[in-house]
Amino acid sequence: MSRDHAKSAETPFLELLARGASADAYEQPVLLARAEGGPADRIDALERAKDLALRVRSELEGRRRREAELSALFETAHDLAGLRDLDAVLRAIVQRARSLLGTDVAYLSLNDPERGDTYMRVTEGSVAARFQQLRLGMGEGLGGLVAQTARPYVTDDYFKDARFQHTGTIDAGVRDEGLVAILGVPLMLGHHVIGVLFAADRRARVFEREQIALLGSFAALVSAAIDTANLLAETRSALAGLERANEIIRDRSGVIERASDVHDRLAELVLRGGGVHDVAAAVSQVLDGTVEFTEAAAAPEHALEASRADGHVVRHKNDWIAAVAAGDELFGALVLRGHPGLDPVDQLTLERAAMVTSLLLLARRSAAEAEQRVRGELLDDLLDARDRDPRLLDDRARRLHADLSAAHVVLVARLDTTAADADQEAVARRRLWAAASHLAATRHGLAAARDGGTVLLLPLEDGDEATDLARRTARHLGRAVHEAVTVGASAPVRDLAARPDTVAAAHTEAGRCLDALRLLGRCGDGAAAEDFGFLGLLLAGDQNVPGFVERTIGQVVAYDERRGTELVRTLDAYFSCGMSPARTKEALHVHVNTVAQRLERVGRLLGDDWQSPERALEIQLALRLHRLSAPTRH
């Protein structure tokens with residue numbers, strides 16, 4: 001048989017390989033030749049070419065399957081490195097799901113076909129032995145509802161939810177664990193549910209759509225890990241036969257090597273903490289073109305929606321569009337510029353890069369939300385004085401790069417515009433909370449949503465004043481949310497871990513300052529409590545007399561208590577005598593030098609300007625309030 005004859009026999013099978021035809025299609029060239037009454041040697045050549053092509057197709061399918069597994073598992077690659085058994089893989093995935101969703105507990109159950117029930121396979125964060133050993137009948141509990149419908153289900157209060165069948169065994173286990181809010185997503189192999197992956201909290205919680213999508217992504221990883229484990233023995237037995245086929249693949253499929261190269265690059269990029277634009281740069285090198293990440297609003301709408309709908313790249317003029325999406329949420333697109341021709345493997349590469357980008361964005365957002373929540377919880381504990389262990393407070397703050405021993409200012413921020421309805425007002429408050437959380441993270445401070453506004457605890461830099469910090473914060477937040485934001489600040493506070501009560505007092509002081517700003521018509525501005533002095537007492541709705549006295553003459557009172565002196569009495573007499581040292585010494589029955597020495601000490605404690613008209617007025621008011629608030633002596 002001539003070489004040309006052999007090549008002509010290979011041609012139809014190469015075309016089938018190129019378009020990824022099904023295995024049945026490879027019989028057609030042979031059947032057609034027989035039907036046409038072709039010569040025996042050509043039919044033999046077609047048979048040999050068919051066998052070779054099917055072997056190549058088999059190897060190509062194996063490579064595609066492995067690259068799909070690599071893409072699906074890239075997010076947990078650093079956790080899974082070195083793991084060899086299925087249990088270790090499942091534990092790693094469940095641990096990461098619990099960490100990124102920020103839940104108290106994560107667990108997965110698998111179906112037992114032999115016993116006809118389902119059992120708890122892996123738990124993370126569980127403390128109850130009965131819960132960890134649960135075996136459930138099919139169709140029971142929230143997991144049974146997920147398994148029956150092959151759809152995710154979520155409940156924010158398990159015991160009040162009547163959508164699924166409650167049983168004594170399940171309810172007892174859930175009650176032992178203390179779970180309230182539960183999210184479950186199905187583990188699918190093909191069209192069959194093999195188990196359920198759960199994330200749960202011991203408090204009421206509403207799981208967001210993106211969190212459900214993220215847990216669904218981890219469920220896909222679990223299913224892939226189980227499927228891989230089931231195929232491991234079969235894969236090992238086929239290794240010898242694959243060696244020869246791999247040589248054929250290396251000779252004839254450079255496109256597959258490019259696909260493998262891009263997945264190696266993406267895996268390495270993710271493991272070293274790369275970002276969205278790093279993914280675009282890596283794919284640009286592999287595809288020899290310019291790949292950019294584009295926000296959804298800037299991408300061609302028709303092409304973007306088409307790519308999102310079928311999960312494949314779509315050509316738009318001379319560009320290729322790959323939607324970056326997770327569940328129902330659309331983040332944007334990866335756009336390959338000026339590249340009208342793109343082979344199927346390169347199209348697949350761009351699609352995989354879009355999937356990597358969406359998972360990166362989900363992971364980064366989940367991590368940011370978790371950090372915001374932790375910062376808010378620490379500030380809530382400081383404001384409510386619930387956690388009085390200084391070492392624990394310091395340790396929690398250090399993990400957030402905050403230093404509670406440094407001077408801080410408590411700021412209360414509120415929007416000063418009225419929304420058209422409750423939904424718009426809620427959206428505006430969320431924008432304010434997001435902007436304040438970002439500011440707190442960049443300034444190594446804390447932020448929490450509270451009383452319809454936002455509370456911040458920010459460090460005070462050397463040479464900075466609380467007033468300046470309040471005004472800068474009002475301007476920064478106002479620009480971020482495009483609304484007027486008013487900010488009231490406390491006086492500086494220190495040693496917050498050892499004295500957590502000072503944070504609550506400073507919060508009250510900052511709130512009074514905010515009220516004073518609003519009463520004075522200074523909406524959209526910022527100020528500190530020290531800016532108002534005793535006027536703050538008159539303008540605020542909740543007068544804090546002890547705080548005003550402490551801030552005004554507290555150092556003098558403390559000096560008398562420590563040393564047994566009479567500076568407060570001397571100061572009171574000095575003002576009563578019209579600020580005359582001569583009349584003061586007569587009222588106190590002491591030498592005039594004694595009066596001068598005491599007033600000099602007062603000046604060192606209160607500052608050189610203590611006799612200025614404004615300060616003198618505040619000091620006299622503080623002396624009067626101190627005298628009125630002191631216990632009556634008989």
Side-chain angles (χ1 to χ4, degrees), residues 407-411 460-472 487-494 502 505-506 509-510 512-514 516-517 519-520 522 525-540 543-563 565-585 587-588 590-630:
H408 283 72
V409 173
V410 176
L411 304 104
L460 193 64
E461 299 177 356
D462 293 339
D464 204 0
E465 299 289 340
T467 300
D468 297 332
L469 180 58
R471 287 174 178 167
R472 288 199 306 272
V487 176
S490 71
V493 289
R494 294 174 174 81
T502 60
E509 186 177 66
R512 290 199 310 274
C513 180
L514 178 66
L517 282 170
L519 288 171
L520 292 172
R522 290 174 57 185
D525 197 0
E530 57 197 25
D531 296 331
F532 296 102
F534 75 91
L535 289 176
L537 294 174
L538 302 176
L539 295 171
Q543 291 82 3
N544 183 3
V545 171
F548 173 73
V549 172
E550 169 65 24
R551 191 165 57 251
T552 308
I553 61 171
Q555 295 188 65
V556 177
V557 174
Y559 189 89
D560 278 353
E561 292 175 350
R562 289 196 310 269
R563 299 174 177 260
T565 54
E566 294 188 340
L567 296 185
V568 173
R569 181 166 172 259
T570 301
L571 196 56
D572 200 3
Y574 178 67
F575 284 115
S576 298
C577 294
M579 302 176 70
S580 169
R583 290 199 293 273
T584 302
K585 65 102 175 175
L588 297 175
V590 297
H591 195 275
V592 69
N593 290 341
T594 301
V595 173
Q597 292 170 359
R598 291 179 180 177
L599 294 179
E600 181 183 0
R601 172 61 64 184
V602 168
R604 287 201 293 271
L605 293 172
L606 298 184
D608 294 337
D609 65 338
W610 71 277
Q611 296 189 72
S612 66
E614 182 179 345
R615 290 289 308 281
L617 180 60
E618 291 187 0
I619 292 170
Q620 290 178 73
L621 177 59
L623 288 169
R624 175 69 61 87
L625 293 172
H626 177 67
R627 185 165 62 251
L628 291 174
S629 62

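Along the sequence shown, residues are numbered consecutively beginning with 1. None of these values were measured; they are calculated from a predicted model.
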Q: Measure across A506 and S490 and return the closest heavy-atom pair with its distance rounded to 0.1 Å.
A: O-CB, 3.3 Å
Q. With a 4.5 Å limit on heavy-atom distance, are the side chains of E509 and V410 in contact?
A. no
Q: Please report the closest heavy-atom contact between V590 and V595, naming both atoms and the distance.
A: CG2-CG2, 3.7 Å
Q) Nearest 0.5 Å, what's the CG-CD1 distance between L606 and I619? A) 5.0 Å
Q) Which heavy atom of A573 sits nearest a heavy atom of L588, and at what distance? A) CB-CD2, 3.9 Å
Q. Does the T552 side chain pair with the main chain of E618, one donor and one acceptor, at a distance under 3.5 Å?
A. no
Q: Kindly assign one of parallel, tilted or perpendicular to the pair W610 and Y574, based on the angle between their ring planes and the thresholds 30° and 60°.
A: tilted
Q) What pair of heavy atoms forms the shortest contact from V409 to A489, and how long is it? A) CG1-CB, 3.7 Å
**Q.** Point-to-point distance, once rounded to the nearest 0.5 Å, from CG of D560 to OG1 of T570
**A.** 8.0 Å
Q.
Return the CD to CG distance between Q555 and L567, rounded to the nearest 0.5 Å.
A. 11.5 Å
(Q) Rounded to the nearest 0.5 Å, what separates atom CD1 in I553 from atom CG in L623? (A) 4.5 Å
Q: Measure the NZ-OG distance between K585 and S580 for me, rounded to the nearest 0.5 Å.
A: 10.0 Å
Q.
Looking at every heavy atom in both A510 and G488, which two are closest together, and how far apart are they?
A. CB-O, 3.5 Å
Q) Are T565 and R601 close enough, and set up right, to give a side chain to side chain contact (heavy atoms under 4.5 Å, CB included), and what steps lead you there? A) CA-CA 11 Å; T565 54; R601 172 61 64 184; over 6 Å; no
Q: Provide the closest heavy-atom pair for G526 versus R471 in the form atom of the first, atom of the second, distance.
A: O-CG, 3.1 Å
Q: Report, as yes or no, whether the 6.0 Å neighbourhood of atom CG on D609 holds more than 12 heavy atoms from other residues, nucleotides or ligands.
A: yes
Q) Can you tell me if R583 uses its side chain to pair, donor with acceptor, with the backbone of C577 under 3.5 Å? A) yes
Q. Just how far is it from atom CG of L599 to atom CG of L571, taken to the nearest 0.5 Å?
A. 7.5 Å
